[in-house]
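Reading through the structure tokens given below for one structure.
Numbering of residues begins at 1 and proceeds along the displayed sequence. Read the numbers this way: they start at 1 and go in the same order the structure lists the ligands and their atoms.
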Amino acid sequence: MTKTTYNPGKGPDVPVGIAILGQGTVGREVLRILMANKDSLEHRVGGKLEVRGVAVGDLSKPRAGVDQSLLTDDAMELIHRDDVDIVVEVIGGIEYPREVVLAALRAGKSVVTANKALVAAHSAELAEAADAAGVDLYFEAAVAAAIPVVGPLRRSLAGDQVVSVAGIVNGTTNFILDAMETTGASYEDMVQQAIDLGYAEADPSADVDGHDAASKAAILASLAFHTRVTKDDVYCEGISKITSDDIQAAKAAGYTIKLLALCERFINPQGEEVISARVHPTLIPRDHPLASVNKSFNAIFVEAEAAGRLMFYGNGAGGAPTTSAVLGDLVGAARNKVHGGRAPGESTYANLPIADFGDVQTRYHVDMQVVDRLGVLAEVAALFSANDISLRTVRQEDKGETARLVVVTHAAREADLARTVEKLQELDAVKEVTSVIRLEGE
Ligand code: NDP
Ligand code: HSE
């Protein structure tokens, strides 16, 4: 077991030294708002705050409004300075931030990070390093930017049993899907706009391929189920295969398509309590509360046994919203540096097994091109039934030689659906399975 070091606090007379690593979309706002609101923040901390240095990748870039004497391109040297107590990591990526954050924790500095990719990949060694040094590791901004959801799961719901966490946790993809549906904008144009507005990750494929949301799902599932869940445990599908046709067809049928993160605790067919976390494009009814979450906003539902259903909603990306969460964490970490004590650490005692993805259940919207002849409908329906999937609705549109057949299922296992799609593609009557989109919220 890791030995936890006690932090007695340095008292209100010695300033808390801060190192900020990164001056991009988030780092610039962190420095600007921290300096603008320094007096109020110091009152909230009950002690003085001093920015000791600001690390960047490229020192030759112009940085308007930044005290040039604070700038360095040697983050490692900065975090090891004796007068630095808290390190704010807003660089992004995994390998270099991992090195620098671990070094900071091991050197007795508390860390505030917005880096979900880092936390979702290396939570165990980060938590261990923080425990061993008796310092804090805060990451509220890593999930859904401005929305306080890490704190509520860690503290406010610590007395309850969370059953599920589900929602929209990536601003970029929500911004893209919303614009494609409401204005008919192209996918490529909207990806570029999300980059220009500072919503997207440095490599926007992390957003559109679902990896950013999967990292956030891993963090949420870990907190909700007191179990270590890494990004590799999360089933992940992005939005790059969603076409304007899918979006308009969904709209006509009374649905909207959202990239959802879904974390659940359930009993598997072997009778074990297991958890799952998945990210994929999802059809939801247009009157569902998540359907009206537009632009780069995020929303998360948490369902707990005693609390019932809670909804968290707000700005899910961008410099200022993310800074709100970073500075909230900074105040918490600074209070502990001044007055002593620690924030709650990682809780993984439940150690629930990760479900086999094939056992996860949801509903499906399966779109096919079939030969327009007598008996095809019955053949397709029989195949679903033979694979233990019951159909809720079937809709056929004639298109001359072929017909479009849209099947909506009742809840079924992923493994059964995958087998059915494989067999459908072998039927002579089925020309093509055009799309399979999961459906939630009815
Ligand atoms: P940016 O790409 O805009 O900024 C990255 C910053 O890191 C740049 O200032 C860059 O320096 C600096 N940097 C790169 N390498 C180094 C290095 N070796 N040492 C010190 N600094 C370095 O990223 P964002 O601000 O958008 O994101 C930062 C983090 O916040 C990421 O983990 C992201 O996932 C997370 N986040 C982002 C949100 C957003 O809406 N943008 C929301 C929530 C979380 P230089 O300026 O010289 O290039
Ligand atoms: N790229 C992320 C998003 C930033 O679009 O949600 C916020 O984590």
Side-chain angles (χ1 to χ4, degrees), residues 19-31 53-64 66 71-79 87-101 103-104 112-121 139-147 149-150 167-178 190-191 193-217 219-220 238-239 259 261 279 293 295-300 314-326 329:
I20 300 174
L21 315 185
Q23 277 298 282
T25 305
V26 180
R28 276 194 302 272
E29 286 299 281
V30 169
L31 182 61
V54 175
V56 293
D58 180 356
L59 267 181
S60 69
K61 284 188 188 169
R63 317 263 173 193
V66 179
L71 289 170
T72 173
D73 59 2
D74 190 345
M76 236 2 148
E77 190 270 334
L78 173 61
I79 60 141
V87 171
V88 177
E89 186 273 308
V90 280
I91 298 176
I94 297 186
E95 281 320 313
Y96 183 68
R98 170 176 169 262
E99 270 177 48
V100 85
V101 165
V112 174
T113 179
N115 191 335
K116 50 274 168 146
L118 172 67
V119 175
F139 47 87
E140 181 65 67
V143 183
I147 305 175
V149 64
V150 170
I168 296 166
V169 295
N170 182 269
T172 299
T173 46
N174 204 53
F175 177 75
I176 295 169
L177 292 171
D178 180 46
M190 295 322 293
V191 172
Q193 276 200 40
I195 296 169
D196 296 344
L197 289 164
Y199 302 153
E201 295 302 298
D203 174 359
S205 67
D207 296 288
V208 296
D209 292 339
H211 301 298
D212 177 79
S215 292
K216 292 164 178 167
I219 296 171
L220 290 170
I239 64 160
L259 185 74
V279 166
V293 176
K295 301 188 176 158
S296 63
F297 282 84
N298 286 188
I300 300 165
N315 271 310
T322 308
T323 294
S324 166
V326 169
D329 281 354

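- Between atom CD of residue Glu89 and atom OH of residue Tyr96 there is a gap of 10.0 Å, rounded to the nearest 0.5 Å.
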Which protein N or O atoms sit under 3.5 Å from any N or O of ligand 2? Give each pair with its distance.
unit_1   : atom_1 : unit_2 : atom_2 : d
ligand 2 : 1 (N)  : Tyr199 : O      : 2.7
ligand 2 : 1 (N)  : Glu201 : OE2    : 2.7
ligand 2 : 1 (N)  : Asp207 : OD1    : 2.7
ligand 2 : 5 (O)  : Gly171 : N      : 3.3
ligand 2 : 5 (O)  : Thr172 : N      : 2.8
ligand 2 : 5 (O)  : Thr172 : OG1    : 2.7
ligand 2 : 5 (O)  : Tyr199 : O      : 3.1
ligand 2 : 5 (O)  : Asp207 : OD1    : 3.4
ligand 2 : 6 (O)  : Asn170 : ND2    : 3.4
ligand 2 : 6 (O)  : Gly171 : N      : 2.7
ligand 2 : 6 (O)  : Lys216 : NZ     : 3.1
ligand 2 : 8 (O)  : Lys116 : NZ     : 2.6
ligand 2 : 8 (O)  : Lys216 : NZ     : 2.7

I would like to know whether Lys216 and Asp212 meet side-chain contact (heavy atoms from CB on, under 4.5 Å); could you show each step before the answer?
-> CA-CA 6 Å; Lys216 292 164 178 167; Asp212 177 79; 2.5 Å; yes
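- The salt bridge (charged side-chain N to carboxylate O under 4.0 Å, His left out) pairs that include a residue from residues 197-210 are Lys116-Glu201, where partners are two or more places apart or lie in different chains.
- Annotation: the span from Ile168 atom CD1 to Asn174 atom CG amounts to 4.5 Å, rounded to 0.5 Å.
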In sequence, state the C-alpha distance, the side-chain angles, and the governing distance for Val169 and Leu220, and then conclude on side-chain contact (heavy atoms from CB on, under 4.5 Å).
-> CA-CA 10 Å; Val169 295; Leu220 290 170; 4.1 Å; yes
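- Remark: Ile219 CD1 to Glu140 CD distance equals 10.5 Å, nearest 0.5 Å.
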Using a 3.5 Å cut-off on N/O to N/O, what pairs does ligand 1 make with the protein? A line per pair would be great.
unit_1   : atom_1 : unit_2 : atom_2 : d
ligand 1 : 3 (O)  : Thr25  : N      : 3.0
ligand 1 : 3 (O)  : Thr25  : OG1    : 3.4
ligand 1 : 9 (O)  : Gln23  : N      : 2.8
ligand 1 : 9 (O)  : Gln23  : O      : 3.4
ligand 1 : 9 (O)  : Gly24  : N      : 3.0
ligand 1 : 11 (O) : Gly57  : N      : 3.0
ligand 1 : 21 (N) : Gly57  : N      : 3.4
ligand 1 : 25 (O) : Thr25  : N      : 3.2
ligand 1 : 25 (O) : Val26  : N      : 2.9
ligand 1 : 34 (O) : Lys116 : NZ     : 3.1
ligand 1 : 34 (O) : Glu201 : OE1    : 2.6
ligand 1 : 34 (O) : Glu201 : OE2    : 3.4
ligand 1 : 40 (O) : Gly198 : O      : 3.4
ligand 1 : 40 (O) : Gly318 : N      : 2.6
ligand 1 : 41 (N) : Gly198 : O      : 3.1
ligand 1 : 46 (O) : Arg63  : NH1    : 2.8
ligand 1 : 46 (O) : Arg63  : NH2    : 3.2
ligand 1 : 47 (O) : Gly57  : N      : 3.1
ligand 1 : 47 (O) : Asp58  : N      : 2.7
ligand 1 : 47 (O) : Arg63  : NH2    : 2.7
ligand 1 : 48 (O) : Lys61  : NZ     : 2.6

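- Distance CD1/Ile79 to CG/Asp74: 9.5 Å, rounded to 0.5 Å.
- Taking the ring-ring contact (aromatic ring centres under 6.0 Å, His included) definition, one finds that Phe175 meets it with Tyr199, sequence neighbours left out.
- Minimum heavy-atom separation, Ala145 to Ala325: O-CB, 3.3 Å.
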